[in-house]
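Take a look at the structure below.
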Amino acid sequence: MSLLTTGALQQELTAIGARLRAITVLVEGVGHRRARAGQGSGIVWSADGTIVTNAHVATADRARVTLADGRAARAQVVARDARRDLAILRVDRDALGPAPLDVATLGTPAALRPGELVLALGHPLGVAHALAMGVVH
């Protein structure tokens, strides 16, 4: 029997996928000079509306962020580091209404061991909530 087909592991992966979906947002560029706006994913980093995304997604000063529950608001790009391909956005919390934001739980990268399974969720090439699994090496 494959470890990946056991009921307990399937339930755990499904729960992790749901948690990732709750903290992952769609980021769409606004005000680009190029014909096609940047689009990708971001992670809700803190309850104040701080979102972490890639610099290649946040190429303009503003973006539109859509949460998993469908709430959407404009965001301001407050920092961008093209060399590390990271950007920080700040969403207008009032525009998202009173419901709290699901926030990422930060881990310790040094605690990862080779052979451990990892999951990633994003919006690559317009495919919403794509979930991928890999192995730490």
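Here the structure is a predicted model, which means the values were calculated and not measured.
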Within the 4.5 Å heavy-atom criterion, are [X] and [Y] side-chain neighbours or not?
X: Ile51; Y: Val44; value: yes
X: Glu28; Y: Thr66; value: yes
X: Arg80; Y: Asp61; value: yes

Looking only at atom types and distance, does a side-chain atom of [X] sit under 3.5 Å from a main-chain N or O of [Y], one as donor and one as acceptor?
X: Arg93; Y: Ala47; result: yes
X: Asp81; Y: Arg84; result: yes
X: Asp92; Y: Asp94; result: yes
X: Asp102; Y: Ile23; result: no
X: Thr24; Y: Gly122; result: no
X: Asp85; Y: Asn54; result: no

Please determine whether side-chain contact (heavy atoms from CB on, under 4.5 Å) holds for the pair Val77 and Ile88, giving the CA-CA distance in whole Å, both sets of side-chain angles, and the decisive distance to 0.1 Å.
CA-CA 6 Å; Val77 177; Ile88 305 293; over 6 Å; no
Rounded to the nearest 0.5 Å, what's the gap from [atom1] on [X] to [atom2] on [Y]? Could you check?
X: Leu101; Y: Ser46; atom1: CG; atom2: OG; answer: 8.5 Å
X: Arg90; Y: Gln76; atom1: CZ; atom2: CD; answer: 10.5 Å
X: Arg64; Y: Gln39; atom1: CZ; atom2: CD; answer: 11.5 Å
X: Leu119; Y: Glu12; atom1: CG; atom2: CD; answer: 9.5 Å

Closest contact, heavy atoms only, Gly17 versus Leu131:
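Looking at all heavy atoms of both residues, the closest pair is CA-CD2, 4.2 Å.
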Which heavy atom of Ala82 sits nearest to which heavy atom of Ala55, and what is that distance?
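So the minimum-distance heavy-atom pair works out to CA-CB, 4.0 Å.
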Show me the side-chain donor-acceptor pairs of residues 103-118 shorter than 3.5 Å, one per line, residues at least two apart or across chains.
| residue | atom | partner | partner atom | Å |
| --- | --- | --- | --- | --- |
| Thr105 | OG1 | Arg19 | NH2 | 3.4 |
| Glu116 | OE1 | Arg113 | N | 2.9 |

Test of understanding: clusters of I, L, V, M, F, W, Y form through side-chain heavy atoms closer than 4.5 Å, transitively. Do [X] and [Y] belong to the same one?
X: Leu89; Y: Val57; answer: yes
X: Leu96; Y: Leu26; answer: no
X: Met133; Y: Leu9; answer: yes

Arg71 with Asp69: basic N within carboxylate O range, under 4.0 Å
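Answer for the salt bridge query: yes.
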